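Report on the following structure.
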Amino acid sequence: DRRLNTGTMFFPKWANKATTLVLLVVPLILVGAISAFAFYISPYTTQVGYAPEQPIPYSHKLHAGELGIDCRYCHTGAEQGPHAGVPPTETCMNCHTQVLADSPHIMKLAESYETGKPIEWVQIHRVPDFVYFDHSVHVNQGVGCVDCHGRIDHMEVVAQEEPLSMGWCLDCHREPEKFLRPNEEITNMAWVAEDQLTLGKELREQYHLNPTTNCSGCHR
């Protein structure tokens, strides 16, 4: 009996405690990893819905929607370089020397215009500093404003609608035909293709597009 008992002790006694510890720790690690990933892709991290208060209320619904002002009238850099740009006060005052000139908000614009001190608008759409993004490359090759910014022409207060995450960008780079549009419709947010995939494939060939999915394409 003594030899039998000795022979059946395959593991030391501390193995019992180790097994219990593993059974407790592994689920905690899994829960922690899942929670971290969920937080990473959550709106809190991607800032979907971010709509900060601006120093002067500005309705894109009125200006871009009802009045039909083209995006490029204010965001003049979108076709020429990396940054779309925020319009200088002079652009606003082209209209507002006459329109609602007595409004308290417009008076702030007038003060900025007279003193040369720019309005400190709060940036909404932002990619990390280690990401290179060029507006001109996209808007000159069939990527519409609405694809990244949503229906700005419906927004009283601009909010970030898309996550602007790496996965989101790669989805478009892998299958750009799902999003491409004629260049003359780039700023037309109401435009919808009758057959997006067929048109997208034609435009991809026409624009000679082969978007990179290599790290160096965006991380330089």
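These figures come from a predicted structure and were not determined experimentally.
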State, yes or no, whether a side-chain contact exists between Tyr207 and Pro176 at a heavy-atom distance under 4.5 Å.
no
To the nearest 0.5 Å, how far apart are CG in Asp70 and NE2 in His75?
10.0 Å
Show me the donor-acceptor pairs, under 3.5 Å and distance only, between side chains in residues 179-186 and residues at least two apart or in other chains.
| residue | atom | partner | partner atom | Å |
| --- | --- | --- | --- | --- |
| Arg181 | NH1 | Glu185 | O | 3.0 |
| Arg181 | NH1 | Asn188 | O | 2.8 |
| Asn183 | OD1 | Gly142 | N | 3.1 |
| Asn183 | ND2 | Asn140 | O | 3.2 |
| Glu185 | OE1 | Asn188 | ND2 | 2.9 |

Are any side-chain N or O atoms of Ser112 and backbone N or O atoms of Lys117, one a donor and one an acceptor, separated by less than 3.5 Å?
yes
Heavy-atom side-chain proximity of Tyr113 to Pro88 below 4.5 angstrom
no
In terms of heavy-atom contacts, Ala159 and Gly49 come closest through CB-O, 4.1 Å
Contacts of Glu161 that satisfy salt bridge (charged side-chain N to carboxylate O under 4.0 Å, His left out) - sequence neighbours left out
none
So, do Asn94 and Tyr73 sit near enough that their side-chain heavy atoms are less than 4.5 Å apart?
yes
Is any side-chain heavy atom of His135 closer than 4.5 Å to a side-chain heavy atom of Pro82?
no
Here the pair of heavy atoms bringing Leu109 nearest to Cys92 is CD1-CB, 3.9 Å
Is the closest side-chain heavy-atom distance between Leu209 and Gln141 below 4.5 Å?
yes
Atom pair NE2/OG1 of His83 and Thr76 - distance to nearest 0.5 Å
12.5 Å
Counting heavy atoms not belonging to Glu53, are there more than 12 under 6.0 Å from its CD?
no
Neighbour count >12 (heavy atoms, 6.0 Å) for atom CD, Glu120
no
Return each pair, listed once, that meets side chain to side chain donor-acceptor pair (under 3.5 Å) where at least one residue sits in residues 208-220; pairs must be two or more places apart or across chains.
Asn214-Ser216
Just checking, any donor-acceptor pair under 3.5 angstrom between side chains of Ser136 and Gln80?
no
Closest approach of Ala51 to Val157 (non-hydrogen atoms, all atoms of both residues):
CB-CG1, 4.1 Å
Heavy atoms, side chains only, cut-off 4.5 Å: are His105 and Pro57 in contact?
yes
Is a salt bridge present between Glu66 and Lys61, judged by a nitrogen-to-oxygen distance below 4.0 Å?
no
Is it the case that atom CG in Asp195 sees more than 12 heavy atoms from other parts of the structure closer than 6.0 Å?
yes
Not counting sequence neighbours, which residues clear ring-ring contact (aromatic ring centres under 6.0 Å, His included) with His125? List them please.
His149
Between the side chain of His96 and the main-chain N/O of Val99, is any donor-acceptor distance below 3.5 Å?
yes
Could you give the distance from CG (Leu100) to CD1 (Ile106), rounded to the nearest 0.5 Å?
6.0 Å
What's the separation between atom CD1 in Ile69 and atom NE2 in His60, rounded to the nearest 0.5 Å?
9.5 Å
With heavy-atom distances below 4.5 Å as the criterion, would you say the side chains of Cys218 and Tyr132 are in contact?
no
Please check: side-chain N/O of Gln196 versus main-chain N/O of Glu177, any donor-acceptor pairing under 3.5 Å?
yes
Spell out, as yes or no, whether a donor-acceptor pair under 3.5 Å connects the side chain of Thr115 to the backbone of Glu111.
yes
What pairs of residues pass the salt bridge (charged side-chain N to carboxylate O under 4.0 Å, His left out) test when at least one of them lies in residues 123-133, not counting sequence neighbours?
none
Side-chain cluster (under 4.5 Å, hydrophobic types only) that Tyr50 belongs to, other residues:
Val122, Ile124, Val146, Ile152, Met155, Val158, Met189
If you take all heavy atoms of Cys148 and Leu164, which pair is closest and at what distance?
O-CD2, 4.4 Å
Distance, nearest 0.5 Å, that separates OG1 of Thr97 from CD of Glu90
12.0 Å
How about Cys95 and Met93: do any of their side-chain heavy atoms sit closer than 4.5 Å?
no
At what distance, to the nearest 0.5 angstrom, does NZ of Lys108 lie from OG of Ser103?
9.5 Å
Looking at Phe133 versus His138, is the centre-to-centre ring distance below 6.0 Å?
yes
What class does the angle between the rings of Tyr58 and Trp121 fall in, given that below 30° is parallel, 30 to 60° is tilted and above 60° is perpendicular?
perpendicular
Restricting to non-hydrogen atoms, name the atom on Ser59 and the atom on Leu62 that form the minimum distance, rounded to 0.1 Å.
OG-N, 3.0 Å
